[in-house]
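Position 1 is the first residue of the sequence, and the numbers go up from there.
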Amino acid sequence: MDTASDRSASDHPEDLPDGDLTRAEQDRGSVHDTTANDDAGGRPDSAESSHDPRLSELLAGSARGDQPSFATFYEATSDVVYGLALLMHEEPEGAQASMLAVYHQLWDQADERAQDLRLQSQASELLTDEHAAEEHRPDDAYRPTEYELVLEWLVPLAHRIFVERFREGLATPIRLAVVPADEGGGIAGLPEEIIEDISVLSDSQSQALALSYLAGDTHQQVGAAVGAAVPAVKSRLRDGMTRMHTRRTTREAELDPILRAAVTKKDVERSGAVNRNFTEDIGADVEHGLLVELAEVYALDAIDNRERAVLDEAALTADEATARAWDTRVLSARRTLAEIFTAYPVVPPGQLLEEVLYNLSDQEVGMGMVESISSHTEVAPKREPVVKRWMIVSGLAVVVLAAVLLIWGLTIGQDVQATADGDPEARVVDGIELAEGGTARAVISEAENVGYVDFSEVGELEGDTTYQLWLMPRDDAQPSSLGNFTAAELEEEIVTLRNIESNRALQITVEQIRGEERPMGETVGEIEMRERVTDGPQYGGSADQEEED
């Protein structure tokens with residue numbers, strides 16, 4: 001199999017010996033030296049490097065146009081960026097070109113990037129301290145070193161640049177192939193380095209996560225590749241990251257309070273289930289209060305630029321509790337991804353630094369940035385703007401955000417229930433009986449292509465079984481799950497329906513396992529999307545079949 005090591009222009013560092021220091025045990029704030037201490041995986045020795053300049057100070061120097069500082073920053077971080085590039089690109093040449101694009105952007109936008117790093121590092125440290133204090137163990141909690149704080153900022157930036165180059169056709173992503181379930185499931189073509197790390201995932205989760213993070217696909221593209229509904233893909237990405245977090249908890253000697261706050265026992269138990277509220281559209285998910293549930297999809301870059309703008313704005317305007325939960329979940333996902341996908345740094349070919357320096361713009365960069373940006377020496381600003389701003393790595397113009405929100409409000413921000421009720425020709429179906437007890441009332445607006453269902457007095461189910469709702473398509477496509485509900489949840493929930501013209505019915509089944517990807521249990525109710533012309537009750541079949549008859 002074509003692996004990152006096979007595609008590398010240089011060998012991987014020696015395997016880390018037993019007992020090797022973790023990054024959490026290294027000196028805080030020392031420059032990562034890729035040429036020294038090979039017996040420790042190229043990681044710095046705290047005693048020897050304690051007086052080296054901090055990475056943040058080197059980036060501040062770059063913002064003032066200091067090329068030696070920039071070259072040192074490159075030397076300290078390029079092995080991680082290049083190692084990730086090799087994992088994601090089909091050819092070494094493409095990996096090298098994409099890595100150069102990262103460092104060219106760092107130079108050209110050094111002032112802005114330096115401020116991003118400062119804000120993100122402050123927010124990361126603040127969140128870590130707050131969650132550790134809530135656990136009443138502030139002194140012994142794990143806290144990232146400055147080197148790790150830089151990676152928390154640099155790795156997501158590099159990943160997004162790689163993904164954008166894939167989507168623009170400027171680079172070729174790693175070639176991955178979805179393996180059908182009847183042939184063993186999972187995904188073929190994964191780099192050998194990460195196979196063990198993602199072995200904790202289910203086949204469907206590994207497919208979704210690899211296609212999104214390594215190959216740069218959006219969640220819609222992942223759905224098309226694996227033949228799954230978009231809401232199911234969002235759930236797989238979220239729950240796959242939850243399972244990846246569990247791998248971290250087995251490796252860290254000092255458990256990360258960010259990880260503990262982001263991933264609860266309920267999250268782990270839920271992993272593998274389909275969230276009942278995810279829809280086909282990111283904007284609709286946000287409207288339904290699911291911003292925090294989309295944190296992992298955001299961290300994986302499994303969204304397009306429009307969707308990113310919607311999520312960024314939602315995070316900026318969210319209430320304090322929601323914003324804090326969002327930041328924690330995104331940060332936790334990024335820490336886990338950085339640990340797994342940058343665990344095999346590769347020193348890039350020597351001529352790449354020369355090419356970076358040769359191609360640097362002659363323009364003066366970041367001359368306004370004259371203060372040190374070290375988050376360890378500068379007083380942190382007020383929490384609210386810091387925590388909410390650091391996720392926006394590149395910044396978004398206010399005008400662009402306003403335009404995006406206007407379009408969003410006009411196109412997808414509609415109130416489905418009000419829209420359906422406002423259609424004078426909407427079809428209202430009362431007294432739909434469920435086999436397990438209870439009734440449903442449906443309002444279907446074919447003109448507006450939306451509808452909703454309201455359940456009442458739903459019968460209780462035995463054991464761990466739940467009701468699962470499905471949109472049954474008119475063609476041979478796979479049903480789309482709207483999620484699992486207890487009887488109480490189904491009574492409380494107004495189930496909204498969009499794009500009804502593409503589906504023939506809403507089906508309600510009783511499932512033994514949460515998160516089934518196709519109906520497996522007994523059907524206890526079905527609501528047709530189009531009205532049948534009949535003189536009496538009919539059971540089974542589709543509206544399309546009735547028309548053919």
### Task
Apply side chain to side chain contact (heavy atoms under 4.5 Å, CB included) to R334 and V155, showing your working.
CA-CA 8 Å; R334 285 177 168 172; V155 171; over 6 Å; no
Steps toward side chain to side chain contact (heavy atoms under 4.5 Å, CB included) verdict (L157, L106): CA-CA 10 Å; L157 172 64; L106 285 176; 3.6 Å; yes
query: Stepwise, does the side chain to side chain contact (heavy atoms under 4.5 Å, CB included) test hold for V230 with F278?
result: CA-CA 9 Å; V230 168; F278 277 137; over 6 Å; no
(message) Quick one, E125 with R118, criterion salt bridge (charged side-chain N to carboxylate O under 4.0 Å, His left out). Give me CA distance, side-chain angles, the key distance, then yes/no.
(response) CA-CA 11 Å; E125 291 180 316; R118 174 173 60 84; over 6 Å; no
Run F162 and V81 through side chain to side chain contact (heavy atoms under 4.5 Å, CB included) and show every step you take.
CA-CA 10 Å; F162 296 162; V81 176; 4.0 Å; yes
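Between the side chains of T77 and Y103, a donor-acceptor pair is found at a separation under 3.5 Å. Side-chain contact annotation: R335 with S124, donor-acceptor N/O pair under 3.5 Å present. When only modelled atom types and interatomic distance are considered, E91 and Q96 share no side-chain donor-acceptor pair under 3.5 Å. For the 3.5 Å distance criterion, the side chains of Q115 and D111 qualify, holding a donor opposite an acceptor. There is a side-chain donor-acceptor pair under 3.5 Å between D285 and T279. Inspection of the Q207 and R236 side chains reveals no N or O donor paired with an N or O acceptor under 3.5 Å.
Remark: F73 engages no residue in a ring pair (Phe, Tyr, Trp, His ring centres under 6.0 Å) (not counting sequence neighbours).
Minimum interatomic distance between R243 and S202 (heavy atoms only, all atoms of both residues): NH1-N, 3.4 Å. A228 and V233 make their closest contact through CB-CG2, 4.2 Å (heavy atoms, listed as atom of the first residue, atom of the second, distance). Of all heavy-atom pairs spanning L87 and P191, the tightest one is CD2-CB, 3.6 Å. Among all heavy-atom pairs drawn from A215 and P173, the shortest one is O-CB, 3.6 Å. Of all non-hydrogen atoms in I161 and A101, the two that sit nearest each other are CG2-CB, 4.3 Å. Across L209 and G240, no two heavy atoms sit closer than the pair CD1-C, 4.5 Å.
A salt bridge links R175 and E90; the closest N-O separation between the charged side-chain nitrogens and carboxylate oxygens is under 4.0 Å. R160 and E164 are joined by a salt bridge, as a carboxylate oxygen and a charged side-chain nitrogen come within less than 4.0 angstrom of each other. We find that D301 and R308 are joined by a salt bridge, their nearest charged nitrogen and carboxylate oxygen being less than 4.0 Å apart. Ion pairing of R324 with E134 is present here, as a side-chain N (NZ or NE/NH1/NH2) and a carboxylate O approach within less than 4.0 Å. Salt-bridge formation is not detected for the pair K234/E293: no Lys NZ or Arg NE/NH1/NH2 atom is positioned less than 4.0 Å from an Asp or Glu carboxylate oxygen.
Of the residues L300, L294, L211, T242, the one that meets the side-chain contact (heavy atoms from CB on, under 4.5 Å) test with L237 is L300. For the side-chain contact (heavy atoms from CB on, under 4.5 Å) with E152, the qualifying choice from L117, L337, L331 is L331, the only one to do so.
In this structure, S199 OG and I194 CD1 are separated by 11.0 Å, a value rounded to the nearest 0.5 Å. Interatomic distance, CG of L84 versus CD1 of I340, reported as 12.5 Å (0.5 Å rounding). Atom CG of L149 is separated from atom CG of L55 by 10.0 Å, given to the nearest 0.5 angstrom. How far NE2 of H131 is from OG1 of T328: 3.0 Å, rounded to the nearest 0.5 Å. Considering CH2 of W153 and CZ of R113, their distance stands at 7.5 Å, rounded to 0.5 Å. Rounded to the nearest 0.5 Å, atoms OG (S78) and CG (L100) are 10.5 Å apart.
Using a 4.5 Å heavy-atom cutoff, the side chains of M99 and H104 are not in contact. Y74 is listed as a side-chain neighbour of L352, based on a closest heavy-atom distance under 4.5 Å. Counting heavy atoms from C-beta on, the side chains of L311 and W326 come closer than 4.5 Å. Using a 4.5 Å cut-off on side-chain heavy atoms (C-beta onward), Q105 and D108 make no contact. Here the side chains of R64 and F70 are not in contact, with every heavy-atom distance at 4.5 Å or above. At least one side-chain heavy atom of Q67 sits under 4.5 Å from a side-chain heavy atom of W107. At least one side-chain heavy atom of T218 sits under 4.5 Å from a side-chain heavy atom of R167. At a threshold of 4.5 Å between non-hydrogen side-chain atoms, the residues E146 and S56 count as touching.
Using a distance-only test at 3.5 Å, with no hydrogens or angles considered, no donor-acceptor pair links the side chain of H219 to the main chain of V297. The backbone N or O of A95 sits nowhere less than 3.5 Å from a side-chain atom of S98 that would complete a donor-acceptor pair. With hydrogens and angles disregarded, a donor-acceptor distance shorter than 3.5 Å links the side chain of T336 to the backbone of S332. The main-chain N or O of V310 is never found under 3.5 Å from a side-chain atom of E313 such that the two would form a donor-acceptor pair.
Taking the centre of each ring, F166 and H89 come in below the 6.0 Å mark.
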